[in-house]
Amino acid sequence: MKVQHVCVLGSTGSIGENTLDVIARHPETISVYALSAHSRIDRLAAQALATGAKVVIVPSDAARKQFLHAWNGPGAMPEIRVGPQALVDTAGDAAVTTVMAAIVGAAGLPSALAAAKAGKRVLLANKEALVAAGSLFMQAVRENGAELLPIDSEHNAIFQCLPQTGRATAPATPAKGVRRLLLTASGGPFRNTALDQLARVTPDQACAHPTWSMGRKISVDSATMLNKGLEVIEAHWLFAMPASRIQVVIHPQSMVHSMVEYEDGSILAQLGQPDMRTPIAYGLGFPERIDSGVGLLALTALGRLDFEEPDFERFPCLRLSFDALKTSQAACVALNAANEIAVDCFLKQQIRYTEIACVIEDCLDRMSGMPAPDLDTLGDVLALDAHTRGIASELCLLKG
């Protein structure tokens with residue numbers, strides 16, 4: 001296996017921390033070239049010292065000063081690059097072979113796209129690259145010979161269950177013989193909560209995921225199942241699969257990470273512990289399998305595996321996601337942007353939990369009455385994203 005020089009974008013988040021844990025297990029074949037963080041600058045300094053990173057990227061001059069103050073290493077200090085353009089430039093840096101795209105939200109889109117355009121191995125943990133710019137992103141992967149490996153546990157599971165060619169490409173048509181994709185979802189903390197109680201849900205309750213340890217924004221998305229809706233859109237682009245052949249099933253145990261059904265009736269499933277180091281190790285090692293640090297799965301202790309259909313009345317955000325995918329790329333951009341604003345307002349206790357879906361639906365309704373925007377460039381996508389965020393902010397103010 002060739003030595004990989006990895007740029008971890010979003011290194012202080014959950015995905016970033018797990019990525020560094022896996023990399024540390026393979027010092028002969030994987031090294032850290034660059035790390036980035038938005039707010040946890042002290043943690044970034046500690047990571048840079050531990051990994052010997054050559055470059056760090058911070059958001060501002062103030063963060064640069066904070067990094068300098070936090071650095072206490074005996075060795076050479078890494079080069080400090082500042083601002084959003086530095087993320088883009090580093091993702092395409094000639095010294096980088098592999099980019100872990102783990103910056104949450106639309107802020108991670110330009111650097112993920114830059115990595116694809118530079119022909120890197122892209123380990124994609126940023127949903128917006130596909131949700132907001134799926135056509136642009138997949139085109140960049142194809143035209144520049146990049147490798148694309150999904151890191152979301154569900155898409156990684158599907159990738160593992162599909163026929164393998166030894167190279168992670170961007171398909172233009174569904175894999176031969178595949179009937180449908182089955183994305184599993186835990187159902188979140190409110191799977192059995194009475195519907196009339198959902199309006200009183202608090203941010204802390206929404207962030208108490210029963211299985212996974214995640215950031216607050218992603219935890220809320222999991223509770224509303226908007227996260228699963230975004231994954232449906234991602235699966236459409238990653239595997240060239242129409243919405244009609246993608247199904248979501250609730251699986252509370254979170255041991256079956258997703259499944260692929262073939263034309264002969266066979267269903268292949270990928271099982272494993274709910275530990276993100278497994279898909280990260282798969283992406284770093286592909287086409288080989290490398291140690292992730294994840295322990296044995298005690299199959300006999302599982303007892304049972306349950307599956308059920310999602311209830312769109314309980315999870316209206318999932319319905320809205322399917323609707324957006326069937327409508328247009330612009331609707332998918334609006335869905336994601338409106339959700340980011342609505343979730344932020346909910347976490348600040350400015351709107352109710354049940355109003356997240358209302359804000360998204362109102363934004364999509366407004367979009368439907370507008371002329372279809374051009375989304376031929378990243379600038380077009382970001383402009384629509386910003387426009388939708390403005391509308392969503394106004395709607396949140398009205399509901400607050």
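- If you take CZ on F322 and CG on L335, they are separated by 12.0 Å, rounding to the nearest 0.5 Å.
- In terms of hydrophobic clustering, with Ile, Leu, Val, Met, Phe, Trp and Tyr side chains grouped at heavy-atom distances under 4.5 Å, I15 and V294 are assigned to different clusters.
- With K228 contributing its side chain and T184 its backbone, the two residues share a donor-acceptor pair below 3.5 Å.
- A distance-only check finds a donor-acceptor pair linking the side chain of Q329 to the backbone of A132 [under 3.5 Å].
- Atom-to-atom distance recorded for N339:CG and K127:NZ is 11.0 Å, nearest 0.5 angstrom.
- By the 4.0 Å N-to-carboxylate-O rule, E263 lies too far from K176 to be salt-bridged with it.
- Of the N and O atoms on the side chains of S266 and D264, at least one donor lies less than 3.5 Å from an acceptor on the other residue.
- Checking side-chain atoms of Y282 against main-chain N and O of E288 turns up no donor-acceptor pair under 3.5 Å.
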Open item on the list: Between Q47 and R40, does the side-chain hydrogen bond (donor to acceptor under 3.5 Å, both in side chains) criterion hold? Intermediate values first, please.
Closed with: CA-CA 11 Å; Q47 289 179 336; R40 299 177 64 198; over 6 Å; no
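- Salt-bridge formation is not detected for the pair K399/E355: no Lys NZ or Arg NE/NH1/NH2 atom is positioned less than 4.0 Å from an Asp or Glu carboxylate oxygen.
- With hydrogens and angles disregarded, no donor-acceptor distance shorter than 3.5 Å links the side chain of D152 to the backbone of H155.
- With hydrogens and angles left out, the side-chain atoms of N156 and S153 include no donor and acceptor closer than 3.5 Å.
- Inter-residue side-chain proximity for T19 and V22 is flagged as unmet; no heavy-atom pair is nearer than 4.5 Å.
- The CG atom of D376 lies 7.5 Å from the CG atom of L136; values are rounded to the nearest 0.5 Å.
- F307 and V256 get closest at one heavy-atom pair: CZ-CG2, 4.1 Å.
- Taking the six-membered ring for Trp and thresholds of 30 and 60 degrees, F159 and F286 have ring planes more than 60 degrees apart, a perpendicular arrangement.
- In this structure, I267 is a member of the same hydrophobic cluster as M255, with clusters built from ILVMFWY side-chain heavy atoms closer than 4.5 Å.
- Between E313 and R319, no side-chain nitrogen of the basic residue sits less than 4.0 Å from a carboxylate oxygen of the acidic one, so the salt-bridge criterion is not met.
- Note: the hydrophobic cluster containing M241 also contains L268 (ILVMFWY, side chain heavy atoms under 4.5 Å, direct or indirect links).
- L123 and I57 fall into different hydrophobic clusters, where Ile, Leu, Val, Met, Phe, Trp and Tyr residues are linked whenever their side-chain heavy atoms come under 4.5 Å apart, directly or through other members.
- Between the R389 side chain and the E340 main chain, no donor and acceptor come within less than 3.5 Å of each other.
- Q205 and R200 share no side-chain donor-acceptor pair at under 3.5 Å.
- Counted within 6.0 Å of CZ on R314, heavy atoms from surrounding residues, nucleotides or ligands total more than 12; the atom is thus considered enclosed.
- Within the model, atoms NE2 of H38 and OG1 of T12 stand 10.0 Å from one another, a figure rounded to the nearest 0.5 Å.
- Checking T90 against R81 by side-chain atom types alone, a donor-acceptor pair falls below 3.5 Å.
- For the pair T224/Y353, a side-chain contact is recorded, criterion being any heavy-atom separation below 4.5 Å from C-beta on.
- Although no hydrogens or angles enter the test, the distance criterion places a donor-acceptor pair under 3.5 Å between the side chain of Q164 and the main chain of L162.
- P110 approaches L382 most closely through the heavy-atom pair CG-CD1, 4.5 Å.
- Considering T29, T51, I30, N18 as possible partners of I23, the one that fulfils the side chain to side chain contact (heavy atoms under 4.5 Å, CB included) test is I30.
- Side-chain N or O atoms of H251 include one that pairs as donor or acceptor with a backbone N or O of D306 at under 3.5 Å.
- The pair E79-K54 does not count as a salt bridge, with every side-chain nitrogen at least 4.0 angstrom from each carboxylate oxygen.
- With hydrogens and angles ignored, the 3.5 Å screen pairs a side-chain donor or acceptor of S11 with a backbone N or O of S36.
- Between S186 and I250, every side-chain heavy-atom pair lies at or beyond the 4.5 Å cut-off.
- When each of L384, T327, I391 is paired with M367, the side chain to side chain contact (heavy atoms under 4.5 Å, CB included) condition holds for L384 and for no other.
- In terms of heavy atoms, V104 sits closest to I218 at CG2-CD1, 4.2 Å.
- Here the CD atom belonging to Q273 is positioned 9.0 Å from the OG atom belonging to S292, to the nearest 0.5 angstrom.
- Placement of L130 and M225 within a single hydrophobic cluster is found when ILVMFWY residues are connected by side-chain heavy-atom separations under 4.5 Å, directly or transitively.
- Residues C7 and V99 are in side-chain contact: their nearest non-hydrogen atoms beyond the backbone lie under 4.5 Å apart.
- Residue P252 comes nearest to R191 through the heavy atom pair CG-CZ, 3.5 Å, listed as atom of the first residue, atom of the second, then distance.
- Panel note: side chain K120, backbone D93; a donor-acceptor pair is recorded below 3.5 Å.
- The existence of a salt bridge linking D362 and R366 is excluded, since no basic side-chain nitrogen approaches an acidic carboxylate oxygen closer than 4.0 Å.
- Classification of K117 and E143 as a salt-bridged pair fails, no side-chain N sitting under 4.0 Å from a carboxylate O.
- Between P78 and V55, the shortest heavy-atom distance links the atoms CB-N, 4.0 Å.
- For the residue pair V58 and A63, the shortest heavy atom distance occurs at CB-CB, 3.8 Å.
- Side chain to side chain, T97 and H5 fail the donor-acceptor criterion of an N or O pair below 3.5 Å.
- The main-chain N or O of Q4 is never found under 3.5 Å from a side-chain atom of R121 such that the two would form a donor-acceptor pair.
- At a threshold of 4.0 Å, the pair R216-D204 counts as salt-bridged, since one of the basic side-chain nitrogens sits closer than that to a carboxylate oxygen.
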